[in-house]
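Here the structure comes first, spelled out in structure tokens, and everything after it is commentary.
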Amino acid sequence: MKLGCVLVTLLLWTYSSHGWAPVYHSPTLHEYSGIYSVVMKRSAPLTSREFLIRSIRGISQDNEFKLIAKSHKTHLGFTARFSKNILSLVMRSNLVSYVQEDHAISSGQSSTDCYTEDIQECTQSTTNWNLDTLDGSGILDSCLKRPHGLTGESVSVYVMDTGIMYEHTQFDGRARYPGFDIVDQYFSEDHKGEDIHGHGTSVSGVIGGRDTGVAPGVEIFSVRILKSDISGSWGMFADGIEQILSHRELQRQFTPCVVSASVFSEMHYSA
């Protein structure tokens with residue numbers, strides 16, 4: 001009981017006398033309601049995030065606070081699911097710049113017919129019309145003239161989608177798991193970036209498929225931010241970007257990279 005009182009005092013010590021931090025709420029209820037991204041002030045010390053998290057944990061009741069992810073590349077902050085009571089405490093901290101409630105996103109693909117079968121049916125001798133039009137010749141001549149023969153070799157592409165079917169023959173072993181899966185992280189799953197829908201594999205095939213891709217020499221990393229029903233959230237998107245930056249730094253990659261994300265949301269946040 002005494003420990004709880006001490007932690008409450010520590011958290012109150014951070015309360016701002018200059019007004020509460022703004023909270024941007026999602027206008028609709030969905031499965032990501034109650035998940036918030038907390039962004040620390042730029043003037044706050046680097047230790048402020050851990051201090052705030054420890055303080056919240058110290059006063060939280062069961063199921064009031066669940067930490068999901070921490071951010072430090074794009075901004076200093078964290079993503080968590082917490083109660084309205086905890087939200088009011090976070091808002092009043094002078095360490096916090098703003099709080100943003102998570103909101104649902106989608107790939108925009110409404111069916112499971114994502115052309116994965118088309119990729120599988122392609123052969124070396126088949127020319128795809130989408131590739132045939134890329135060289136600017138203005139005619140469909142069954143030939144893609146690549147500038148200087150470039151294929152994207154030594155370029156890494158991070159595909160933020162439903163995942164990738166790693167073993168697909170079009171990828172020739174170039175599709176890889178980067179060591180993180182945002183959907184796994186949010187929902188305690190264990191797919192490791194594997195595609196169980198098809199959309200992410202289709203997108204990856206257009207990017208780097210041997211016969212179907214614009215750049216058949218690229219290395220492709222699966223960043224799974226969309227579930228099997230092709231839904232996700234902006235928080236998952238932001239965490240994906242954070243993990244990509246960390247992956248590049250960890251791998252000490254100094255070669256070019258591209259991020260592909262086929263997502264949209266029709267809703268706007270309200271303060």
Side-chain angles (χ1 to χ4, degrees), residues 68-75 79 105-109 114-116 118-120 122 130-131 134 146 150-264:
I68 296 176
K70 297 179 182 180
S71 304
H72 63 277
K73 295 295 183 184
T74 54
H75 62 273
T79 301
I105 60 175
S106 171
S107 74
Q109 176 68 36
C114 295
Y115 311 108
T116 305
D118 291 343
I119 295 178
Q120 294 171 336
C122 287
N130 60 310
L131 297 179
L134 287 178
R146 300 181 183 278
L150 296 176
T151 63
E153 187 176 354
S154 78
V155 175
S156 298
V157 180
Y158 294 83
V159 180
M160 305 178 72
D161 213 289
T162 61
I164 300 176
M165 186 190 301
Y166 300 121
E167 68 276 13
H168 201 296
T169 56
Q170 281 291 323
F171 301 131
D172 298 321
R174 291 175 290 108
R176 298 186 174 91
Y177 173 57
F180 60 88
D181 183 316
I182 306 302
V183 180
D184 284 354
Q185 184 175 303
Y186 269 63
F187 297 97
S188 301
E189 297 179 358
D190 190 31
H191 291 291
K192 294 182 172 60
E194 190 76 40
D195 191 1
I196 54 176
H197 175 271
H199 189 272
T201 301
S202 175
V203 170
S204 300
V206 172
I207 294 171
R210 182 183 64 239
D211 303 311
T212 61
V214 175
V218 297
E219 182 179 40
I220 309 172
F221 289 103
S222 172
V223 182
R224 194 167 75 104
I225 62 167
L226 300 177
K227 301 185 302 175
S228 59
D229 61 356
I230 62 172
S231 71
S233 74
W234 283 123
M236 296 164 75
F237 180 89
D239 289 338
I241 294 294
E242 181 79 18
Q243 293 286 0
I244 289 170
L245 293 174
S246 295
H247 182 260
R248 295 290 293 179
E249 184 175 272
L250 183 64
Q251 299 295 317
R252 298 185 63 82
Q253 295 282 353
F254 303 106
T255 54
C257 77
V258 177
V259 176
S260 169
S262 307
V263 299
F264 82 102

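Side chains included, hydrogens not; waters and symmetry mates left out as well; all remaining heavy atoms used. For the single chain, residues carry numbers from 1 onward in sequence order.
Residues satisfying the side-chain hydrogen bond (donor to acceptor under 3.5 Å, both in side chains) test with E194, not counting sequence neighbours, are none. A search for side-chain hydrogen bond (donor to acceptor under 3.5 Å, both in side chains) contacts involving S260 returns nothing, not counting sequence neighbours. Judged as a ring-ring contact (aromatic ring centres under 6.0 Å, His included), and not counting sequence neighbours, the contacts of F237 are W234. Applying the side-chain hydrogen bond (donor to acceptor under 3.5 Å, both in side chains) test to S233 and every residue at least two apart in sequence or in another chain returns D102. Residues meeting the side-chain hydrogen bond (donor to acceptor under 3.5 Å, both in side chains) test with T151, sequence neighbours left out: none.
Distance alone, capped at 3.5 Å, places no donor-acceptor pair between the R174 side chain and the G209 backbone. Between the side chain of T162 and the main chain of D195, no donor-acceptor pair closer than 3.5 Å is present.
Every pair passing salt bridge (Lys or Arg N to Asp or Glu O under 4.0 Å) that includes a residue from residues 175-191 is listed here, sequence neighbours excluded: R176-E219, D181-R224, D184-R224, E189-R224, D190-K192.
Atom CZ of F180 is separated from atom CG of D239 by 10.5 Å, given to the nearest 0.5 angstrom. Here Y166 contributes atom OH and Y177 contributes atom OH; the two are 7.0 Å apart, rounded to the nearest 0.5 Å.
Ion pairing between E249 and K73 holds under the 4.0 Å rule for side-chain N and carboxylate O.
I164 has its side chain within reach of I220: a pair of non-hydrogen atoms, C-beta onward, lies under 4.5 Å apart. The shortest distance between side-chain heavy atoms of V258 and S156 does not fall below 4.5 Å.
Using the six-membered ring where Trp is involved, H247 and Y158 have ring planes that are perpendicular, over 60° apart on the 30 and 60° scheme.
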